[in-house]
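Because only heavy atoms are used, hydrogens play no part in the values below, and waters and symmetry mates are left out as well, while side chains stay in.
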Amino acid sequence: MTTAPPAGAPPRAALISPSPTSVPVPEAPPAPAVRRVPLTVAALIGVLLSAYVFVQHGAKPGVLLLLGTGLGYALFHSRFGFTSAWRQLVSVGNGTGLRAHTLLLGTTATLFALIIGTGTGLFGSTPMPSAGPLGIGLLIGAFVFAVGMQLGGACASGTLFAVGSGQSSIVLTLFGFIAGSTLAAWQFGLWSDLPALDPVLLSDHVGWFGSWAVTVLALAAVWWIARAVQARRNPPPVGAPPSARSTLARVVRGSWPLAAGAVALAVLGAAVLLVSGGAWGITSAFALWGSKLVGFLGGSPETWAFWQQPGSAAQLSGPVLADKNSLTDIGIMIGAALASAAGGVWTLHRGIPGKTAVAAVLGGVLMGIGARLAGGCNIGAYLAGIASGSLHGWLWGAVAIAGTWAGLKLRPFFGLGNPKPTDSVC
């Protein structure tokens, strides 16, 4: 059991001692039996689709699909969240999730510095950092995205792994996400010229070692601040998902510690950079899928200014299963299906309250629009930006905290609850 430090204790003790919670951290319930039918279906889909991609499009797309599958597997087994982490921090001061973010960001930054700093790439790729402009679009987009993820119940990566695990309400969030992304692409001219400063990369000023050092020091400061907030507010603990009992079984059936998930995601995300030359991203694929659908229904998305940008026309005209982000997105859903079925928790939620359904769709639309305005989501802007030493990633994260606060204020209007200090878990 962890509790708040006694009155009169030295101020530093609160930061050194284990993270305090108002009640003991609950014991994880045992994992249910393996869901054999969903596991078999997911495995067949994964094997057949991988074989098709390798044969039709080559080794590079095939490897990206496999890396996406690994990302989905790690995301689900560690329940690594961005939406819940920010909600827990803002609502009750539990910084467990945010501290896991700092481990993910720091490990990814280390690997990015090694890969990009040395120019190491596979399949002929040249690794490039993720840098975005600093402007009104970034600020508005990050805020709108954060509001949307609190209403929709998941972030970009969370939406995909939740859909893979059979969570029906999040399917509605995904539909809204695709619709919002497509709408933003269609109306590109309304927001493409918003005032902005040029991207700022630390490596351009202090080199890759300096960039890595500054990033890691800044993340350490965030870790300590989150730890200090939790020490002061003494929040409820984070709930424990069902878990296998032995360490070996947990590798296959979950659940993983957040730290293990952070390291696994960092390694897999770095592998995406190594293979493709670009950081792991998610939401540009949603704009592609929606625009493809518009074209199938008789529209002309190729005439939109969004798809007339350099390189975008080729992306729109090319096959979905050759698109980098589409491959990793599909892989995430397959990997999450495998992980949830192996852990015995894959299920379809058939009954969705009307208000929840509205919030899911609305949240998805807001995230789709916000991601396009900001030039990325919690993965493409926040994770990839900070790991690349780009200032826009830090700004995205700071504004997302403010957007989370606003989203929490809106959740009760849709019948959605927020963590409270009196809860047994948050």
Side-chain angles (χ1 to χ4, degrees), residues 2-4 19-26 75 78-101 142-159 161-162 165 167-174 176-177 180 222 225-241 258 349 351-367 370 377-378 382 396-426:
T2 55
T3 59
S19 302
T21 53
S22 58
V23 296
V25 177
L75 281 165
S78 61
R79 305 304 200 274
F80 201 98
F82 295 83
T83 303
S84 57
W86 283 319
R87 180 162 61 239
Q88 292 157 0
L89 177 72
V90 173
S91 59
V92 295
N94 191 317
T96 301
L98 184 61
R99 293 197 299 277
H101 290 188
F143 185 89
V144 169
F145 185 96
V147 172
M149 67 182 180
Q150 293 304 330
L151 296 180
C155 57
S157 54
T159 295
F161 89 69
S165 65
Q167 297 185 37
S168 305
S169 63
I170 306 299
V171 174
L172 298 177
T173 302
L174 178 59
F177 217 143
V222 172
I225 291 170
R227 180 63 183 74
V229 168
Q230 182 164 335
R232 187 179 73 249
R233 296 184 63 178
N234 198 34
V238 177
L258 278 175
H349 302 275
I352 305 173
K355 286 185 177 181
T356 301
V358 171
V361 175
L362 177 59
V365 170
L366 291 176
M367 284 192 287
C377 60
N378 57 295
Y382 173 62
W396 195 100
V399 175
I401 294 291
T404 295
W405 178 87
L408 294 180
K409 297 297 182 182
L410 294 174
R411 281 172 60 87
F413 292 101
F414 296 92
L416 303 172
N418 292 320
K420 298 182 292 296
T422 56
D423 290 341
S424 57
V425 295
C426 63

Passing candidate, side-chain contact (heavy atoms from CB on, under 4.5 Å) with Pro419, options Pro236, Cys426, Ser84: Cys426

Hits for salt bridge (Lys or Arg N to Asp or Glu O under 4.0 Å) against Lys355, two or more places apart or cross-chain, chain-then-number order -> none

Begin with the C-alpha distance, continue with both residues' side-chain angles, and end with the deciding distance and a verdict on side-chain contact (heavy atoms from CB on, under 4.5 Å) for Leu98 and Trp86. CA-CA 7 Å; Leu98 184 61; Trp86 283 319; 4.1 Å; yes

From [X] atom [atom1] to [Y] atom [atom2], the distance as rounded to the nearest 0.5 Å:
| X | Y | atom1 | atom2 | value |
| --- | --- | --- | --- | --- |
| Thr356 | Leu172 | OG1 | CG | 10.0 Å |
| Leu89 | Arg233 | CG | CZ | 7.5 Å |
| Leu416 | Leu408 | CG | CG | 10.5 Å |

Who are the side chain to side chain contact (heavy atoms under 4.5 Å, CB included) partners of [X], not counting sequence neighbours?
| X | result |
| --- | --- |
| Thr83 | Arg87, Met149, Gln150, Cys155 |
| Ala156 | Phe145, Phe177, Ile282, Thr283, Cys377, Asn378 |
| Pro235 | Val92, Asn94, Gln230 |
| Ser168 | Leu348, His349, Ile352 |

Could I get the full list of ring-ring contact (aromatic ring centres under 6.0 Å, His included) partners for Phe143, not counting sequence neighbours? none

Sequence neighbours left out, what passes ring-ring contact (aromatic ring centres under 6.0 Å, His included) with Phe82? Give chain and number order. Phe80, His101

Donor-acceptor contacts under 3.5 Å from residues 357-364 side chains, at least two apart:
none

Specify the closest pair of heavy atoms between [X] and [Y], including all atoms of both residues, with the distance to one decimal.
| X | Y | value |
| --- | --- | --- |
| Gly407 | Leu151 | O-CD2, 4.3 Å |
| Ala400 | Ala146 | O-CB, 3.3 Å |
| Ala240 | Pro26 | CB-O, 3.7 Å |

So, do Pro237 and Pro24 sit near enough that their side-chain heavy atoms are less than 4.5 Å apart? no

Taking side chain to side chain donor-acceptor pair (under 3.5 Å) as the test, write out the residues that go with Arg411, two or more places apart. Asn418

Excluding sequence neighbours, so at least two apart, what forms side chain to side chain donor-acceptor pair (under 3.5 Å) with Asp423? none

